[in-house]
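Notes follow once the structure below has been shown.
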Number of protein chains: 2
Amino acid sequence: MMTNLIAGLRAEGRRLTRSRKAILDVLEKSKYPLSAADVHARLKREQVAVDLVTVYRTLAVLKKLGLIAQVELGEGQFRYETRHGREHHHHIRCRGCGRIADLMLCPLKKLTALVERETRFTVEEHSLEFFGWCPKCR
Amino acid sequence: MMTNLIAGLRAEGRRLTRSRKAILDVLEKSKYPLSAADVHARLKREQVAVDLVTVYRTLAVLKKLGLIAQVELGEGQFRYETRHGREHHHHIRCRGCGRIADLMLCPLKKLTALVERETRFTVEEHSLEFFGWCPKCR
DNA sequence: GTGATACGTGCAAACAAGTTGCAATTGAGA
DNA sequence: TCTCAATTGCAACTTGTTTGCACGTATCAC
Ligand SMILES: [Mn+2]
Ligand SMILES: [Mn+2]
Ligand SMILES: [Zn+2]
Ligand SMILES: [Zn+2]
């Protein structure tokens, strides 16, 4: 991951900084996608002083480098999760407590061709999220 | 649809108003999901004076009544579309021009049981959106 | 139809997520 | 170590959405 980060940054003439390492590290350690505010809060907890604006800017860079993925879960905010070492997958969010769990499967791998035929668009990406109730909230 | 609206409203002790009819009507006529601002702009174009705040409040009511669905397409805003007379379906959005097209299929109908087994959540809903390039932008 | 009343609306203000301008700081190559 | 463009922090801003409150109006009982 750090290797990908360095390589990606250099390829665009960008620099490896303490903030960037720390932010990517926070995402690597999380079991679920984090919002910019989440990342910022965790950095603070770890005594890493990084401004929220830098978090936003860094998330944009990491996303452009393809190191993290942006996720939308109906909350009116974006979340981000690392792509390193994790296969393409999706999520489910509890409508009671907000808990987010990974769903390590994707029924769409084979469907791209069909979607392209139906819509006449070229498909580049997709998002698939589920909403429901976790065992505790049910 | 107007029938559903009246019935739904009454069931909750709410009233049928000019604004609510007009907003639902705008959504019924649109071929793609609209943002609150979109709805507001179309009302203005039709000389229907409704405040943007009322649009937001009405969208919330219609959503609660199950008459409209909320859609997220990676834009940092919500869109809404009527459910009346339209089967459950999904969308694709062009990364060039922003055009949104319906995709009248859902590969997930049979998948709920599997998702519930995998995650131990109860599944209530899902969102599936595609991103790519339309013929003109490709 | 009239009146009472609770629901709905407009306007201003507040919020919240995310972005931008700019001066000061710092990573990376020479 | 020096140079300089990339990065950062801070303040201000933009955009999408929500809230408070006084006034307006749909609905219902009479
Ligand atoms: Mn995940
Ligand atoms: Mn649609
Ligand atoms: Zn997938
Ligand atoms: Zn579906």
Side-chain angles (χ1 to χ4, degrees), chain A residues 2-3 5-27 33-44 47-65 67-68 70-80 98, chain B residues 2-3 5-27 33-44 47-65 67-68 70-80 98:
Chain A
M2 209 45 66
T3 326
L5 176 58
I6 296 171
L9 289 171
R10 301 188 82 141
E12 292 200 20
R14 328 205 73 165
R15 297 171 184 170
L16 179 62
T17 65
R18 187 185 63 104
S19 308
R20 286 175 179 170
K21 271 184 284 190
I23 290 168
L24 186 54
D25 191 57
V26 162
L27 290 173
L34 303 178
S35 68
D38 289 342
V39 172
H40 189 237
R42 293 187 182 205
L43 289 172
K44 182 171 289 173
Q47 322 267 6
V48 182
V50 178
D51 194 85
L52 179 58
V53 179
T54 297
V55 174
Y56 276 110
R57 289 196 269 231
T58 300
L59 291 172
V61 169
L62 297 177
K63 181 184 163 196
K64 185 169 295 177
L65 295 183
L67 296 177
I68 63 176
Q70 191 183 57
V71 180
E72 261 180 317
L73 290 163
E75 306 166 293
Q77 68 177 1
F78 293 114
R79 289 178 176 272
Y80 299 87
Chain B
M2 209 45 65
T3 325
L5 177 58
I6 297 170
L9 290 172
R10 300 190 82 137
E12 293 199 21
R14 328 206 72 167
R15 296 172 185 167
L16 180 61
T17 65
R18 188 184 62 105
S19 308
R20 287 174 180 172
K21 270 185 284 192
I23 290 167
L24 187 53
D25 191 56
V26 162
L27 290 173
L34 302 178
S35 67
D38 289 341
V39 172
H40 188 237
R42 293 186 182 209
L43 289 172
K44 181 171 290 174
Q47 321 267 7
V48 183
V50 178
D51 194 88
L52 179 58
V53 178
T54 297
V55 173
Y56 275 108
R57 290 195 270 229
T58 300
L59 291 173
V61 169
L62 297 177
K63 181 183 163 195
K64 186 170 292 175
L65 296 182
L67 296 177
I68 62 174
Q70 190 183 59
V71 180
E72 262 179 317
L73 290 165
E75 306 166 293
Q77 69 178 2
F78 292 115
R79 288 177 177 272
Y80 300 86

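The chains referred to below are lettered A, B, ... by the order of the sequence lines, with proteins before strands, and numbering in each begins at 1.
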Side-chain N,O (A/Y56) to OP1/OP2 (C/dT19) below 4.0 Å: no
Enumerate donor-acceptor pairs with a distance under 3.5 Å from any side-chain N or O in residues 51-65 of chain B to protein atoms, sequence neighbours excluded.
unit_1: B/D51; atom_1: OD2; unit_2: B/V53; atom_2: N; d: 2.9
unit_1: B/T58; atom_1: OG1; unit_2: B/T54; atom_2: O; d: 2.7
unit_1: B/K63; atom_1: NZ; unit_2: B/Q70; atom_2: OE1; d: 3.4

Nucleotide C/dG27, atom C1' - distance to CG of A/L9 in whole Å: 11 Å
For atom CD1 of A/I6 and atom C1' of C/dG27, their distance in whole Å: 13 Å
Considering only distance and modelled atom types, tabulate donor-acceptor pairs under 3.5 Å from the side chains of residues 12-26 of chain A, sequence neighbours left out.
unit_1: A/T17; atom_1: OG1; unit_2: A/R20; atom_2: N; d: 3.2
unit_1: A/R18; atom_1: NH2; unit_2: A/A49; atom_2: O; d: 2.9
unit_1: A/R20; atom_1: NH1; unit_2: A/R15; atom_2: O; d: 2.7
unit_1: A/D25; atom_1: OD2; unit_2: A/K29; atom_2: NZ; d: 3.4

Sidechain-backbone polar pair: B/E72 side chain, B/F78 backbone, donor-acceptor under 3.5 Å: no
Sugar-phosphate only, base, or nothing, as touched by A/A49 at under 4.0 Å among non-hydrogen atoms: sugar-phosphate
Length of the line joining B/E72:CD and C/dA17:P, which is rounded to integer Å: 14 Å
Rounded interatomic separation in angstrom, taking CD from A/E75 and C1' from C/dA17: 12 Å
Rounded distance in Å - CG (B/L43) to P (C/dT9): 12 Å
For chain A, the stretch of DNA chain D it reaches, first to last nucleotide, under 4.0 Å of its heavy atoms: D/dA5 to D/dA11
5' precedence on DNA chain D between B/Q77 and B/R18 (nearest-nucleotide basis): B/Q77
Contact list (N/O, under 3.5 angstrom) for nucleotides 28-30 of chain C vs protein:
unit_1: C/dA28; atom_1: OP1; unit_2: A/L16; atom_2: N; d: 2.9
unit_1: C/dG29; atom_1: OP1; unit_2: A/R10; atom_2: NH2; d: 2.5

Contacts of type side-chain contact (heavy atoms from CB on, under 4.5 Å), residue A/Q77, not counting sequence neighbours: A/S35, A/E75, A/R79
Sugar-phosphate, base or nothing in reach of A/S35, heavy atoms under 4.0 Å: nothing
Inter-axis angle, terminal five-pair segments of the helix from C/dG1-D/dC30 to C/dA30-D/dT1 [nearest 10°]: 40°
Of A/V53 and B/R20, the one whose closest DNA chain C nucleotide lies more 5': B/R20
Inter-residue atom distance A/L34.CG - A/Y80.OH, 0.5 Å rounding: 11.5 Å
Spacing between A/D38 atom CG and C/dA17 atom C1', to the nearest angstrom: 13 Å
